[in-house]
Amino acid sequence: MTQSKNVIWWTAINNPSHQEKYGGYGYFEYSKKTWQYWCKKNNVEFVQFTEPREKDLKRFNPNWQKCLFVFDELEDRNINYNKIALVDSTAMIRWDAPNFFDLTDDRFTTWRDMDNLKWVYDSIVGYKKFYDNFDCSIFKYFNSGFMIFNKSHKKYFNSLKEHYYKNINKYIELQTAAVKKGNDQTPLNYWMQMNGVDMNLDLPIAYNLTHLHRREMLVHNWQLNIDNTPHFIKHGYVWRFNGFPKNERSKVMSQTWNFIRDNYV
């Protein structure tokens, strides 16, 4: 087995039933190029998850599979991992981003999801009865599209996997008919809080910039008219292309890549 390394667990599963909804999956390549470059620069192992472990993507959609099977997949591939960063293929990383693995203190590390608090609140309320009326704190609610964890957290992911298999029909009903807000994210929040997992939620937001349009980060400082570099590229390290129509994602990420591509050489 190779020497232990930190790992980027990058999920990019093509779901044929969502081709039209997403306008295709062309954005995968732009995300991948940035993470591969960053991993090589920082001696981090880039691991792709592109083939679903469970073939029924209605019962096991890619959002769920990325977290339920991360440890199974790494161990089946004989990857000697240290810390793991689970990142969505909707994310791109800046070429010179500092190594965030050094900032985690070996804790479960992620970022608060504060971009649409009504959505978050409604989702928490929607799952509350299912989780025996546990009080899931909105102030600790995190975004599941970028999470950093290690072997000590394996038991929590595995116990959630067991719970999902035992209650899969109820989970599907909640996410498709009753709550209809997200997939794995709110269940993960409940599970980590219910199990008292020590969470590091204090890393700078620059490492997980979401909803760029809400933050008005897609524009540049037109008043100075000196530099046309968009704010998110100048001030952020990890850019998440979410919150706007999904069928526009490939176009926006392609434009971003064409603007910055010369830095990844």
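Every value quoted in this text rests on a predicted model; they were computed, and no experiment measured them.
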Determine whether K170 and E173 satisfy the following criterion, salt bridge (Lys or Arg N to Asp or Glu O under 4.0 Å), listing intermediate values before the conclusion.
CA-CA 5 Å; K170 184 60 178 178; E173 177 192 350; 3.7 Å; yes
Could you check whether K166 pairs with E162 (Lys NZ or Arg NE/NH1/NH2 to Asp/Glu carboxylate O, under 4.0 Å)?
no
Please check if any side-chain donor atom of Y141 sits under 3.5 Å from a side-chain acceptor atom of Q185, or the reverse.
yes
Between L68 and R53, does the side chain to side chain contact (heavy atoms under 4.5 Å, CB included) criterion hold? Intermediate values first, please.
CA-CA 10 Å; L68 295 183; R53 197 173 178 98; over 6 Å; no
Worked check of side chain to side chain contact (heavy atoms under 4.5 Å, CB included) between M114 and V120
CA-CA 8 Å; M114 306 291 287; V120 171; over 6 Å; no
Using side-chain heavy atoms (C-beta onward) and a distance below 4.5 Å, is H220 in contact with T229?
no
What do the steps show when you test E75 against K154 for salt bridge (Lys or Arg N to Asp or Glu O under 4.0 Å), and what is the final call?
CA-CA 11 Å; E75 291 167 7; K154 176 181 176 180; 2.9 Å; yes
Using a 4.5 Å cut-off on heavy atoms from C-beta on, say whether the side chain of W10 contacts that of Q36.
no
Is there a side-chain contact between N183 and S144 (heavy atoms, below 4.5 Å)?
no
Measuring from atom CG of N6 to atom SG of C39, what distance do you get when rounded to the nearest 0.5 angstrom?
9.5 Å
Could you tell me whether the side chains of T90 and N242 share a donor-acceptor contact shorter than 3.5 Å?
no
Set out, in order, the CA-CA distance, both residues' side-chain angles and the distance that settles salt bridge (Lys or Arg N to Asp or Glu O under 4.0 Å) for D96 and R94, then state yes or no.
CA-CA 6 Å; D96 60 350; R94 203 171 80 180; 2.6 Å; yes
In this structure, CZ of F157 is separated from CE of M192 (nearest 0.5 Å) by 4.0 Å
Among Y156, W9, F71, ring-ring contact (aromatic ring centres under 6.0 Å, His included) partner for F149:
F71
Nearest-0.5 Å distance, CD1 of residue I148 to NZ of residue K83:
8.5 Å
Any salt bridge linking R215 with D115? Criterion: basic side-chain nitrogen under 4.0 Å from a carboxylate oxygen.
yes
Within a reach of under 6.0 Å around NZ of K246, are more than 12 heavy atoms found that belong to other residues, nucleotides or ligands?
no
Any side-chain heavy-atom pair of H163 and Y131 under 4.5 Å:
yes
List the atom of L103, the atom of N200, and the distance in Å for their closest heavy-atom pair.
O-ND2, 3.5 Å
From R261 CZ over to N263 CG, what is the distance, rounded to the nearest 0.5 angstrom?
11.5 Å
Can you check ring pair (Phe, Tyr, Trp, His ring centres under 6.0 Å) on Y264 and Y30, steps first, answer last?
CA-CA 11 Å; Y264 296 83; Y30 310 116; over 10 Å; no
Under a 4.5 Å cut-off applied to non-hydrogen side-chain atoms, are S159 and W191 in contact?
yes
Flag if over 12 foreign heavy atoms under 6.0 Å of NZ, K55
yes
N189 and K140: CA distance, side-chain angles, deciding distance, side-chain hydrogen bond (donor to acceptor under 3.5 Å, both in side chains) verdict
CA-CA 8 Å; N189 272 271; K140 295 180 180 179; over 6 Å; no
Working to the nearest 0.5 angstrom, can you tell me the gap between I13 CD1 and Q48 CD?
11.5 Å
Looking only at side chains, do E54 and W64 share a donor and an acceptor under 3.5 Å apart?
no
How long is the gap from CD1 on I8 to CZ on F100, to the nearest 0.5 Å?
4.0 Å
Aromatic ring centroids of W38 and Y237 under 6.0 Å?
no
Over 60° means perpendicular and under 30° means parallel, so tell me whether W35 and F146 are parallel, tilted or perpendicular.
perpendicular
Using the rule that two of Ile, Leu, Val, Met, Phe, Trp, Tyr join whenever any of their side-chain heavy atoms come within less than 4.5 Å, decide whether V219 and L209 are in one cluster.
no
Show, in sequence, the C-alpha distance, side-chain angles and deciding distance for Q19 and N14, and conclude whether the side-chain hydrogen bond (donor to acceptor under 3.5 Å, both in side chains) test is met.
CA-CA 8 Å; Q19 280 284 347; N14 187 327; 3.0 Å; yes
Pick out which of Y171, Y190, Y164 makes a ring-ring contact (aromatic ring centres under 6.0 Å, His included) with F130.
Y171
Is Y25 reachable from F244 through a run of I, L, V, M, F, W or Y residues, each pair having side-chain heavy atoms under 4.5 Å apart?
yes
Look at the rings of H153 and F108 and say which category their plane angle falls in: under 30° parallel, 30 to 60° tilted, over 60° perpendicular.
perpendicular
Please determine whether the number of non-hydrogen atoms from other residues, nucleotides or ligands lying under 6.0 Å from atom NZ of K251 exceeds 12.
no
Is the closest side-chain heavy-atom distance between V252 and W239 below 4.5 Å?
no
With a 4.5 Å cut-off on side-chain heavy atoms, are L86 and C67 touching?
yes
Looking only at side-chain N and O atoms, does T186 offer a donor or acceptor that is under 3.5 Å from a partner on S123?
yes
Kindly indicate whether a cation-pi arrangement holds for K151 with Y81, taking the cut-offs as under 6.0 Å to the six-membered ring centre and within 45° of the axis.
yes
Does K33 NZ have over 12 foreign heavy atoms under 6.0 Å away?
yes
Parallel, tilted or perpendicular: which fits the ring planes of Y165 and F60, with parallel below 30° and perpendicular above 60°?
tilted
So L201 and T110, side chain to side chain contact (heavy atoms under 4.5 Å, CB included) or not? Walk me through it.
CA-CA 6 Å; L201 301 172; T110 184; 3.6 Å; yes
Evaluate salt bridge (Lys or Arg N to Asp or Glu O under 4.0 Å) for D202 paired with R112, printing each intermediate quantity in order.
CA-CA 8 Å; D202 298 322; R112 291 180 178 87; 3.7 Å; yes
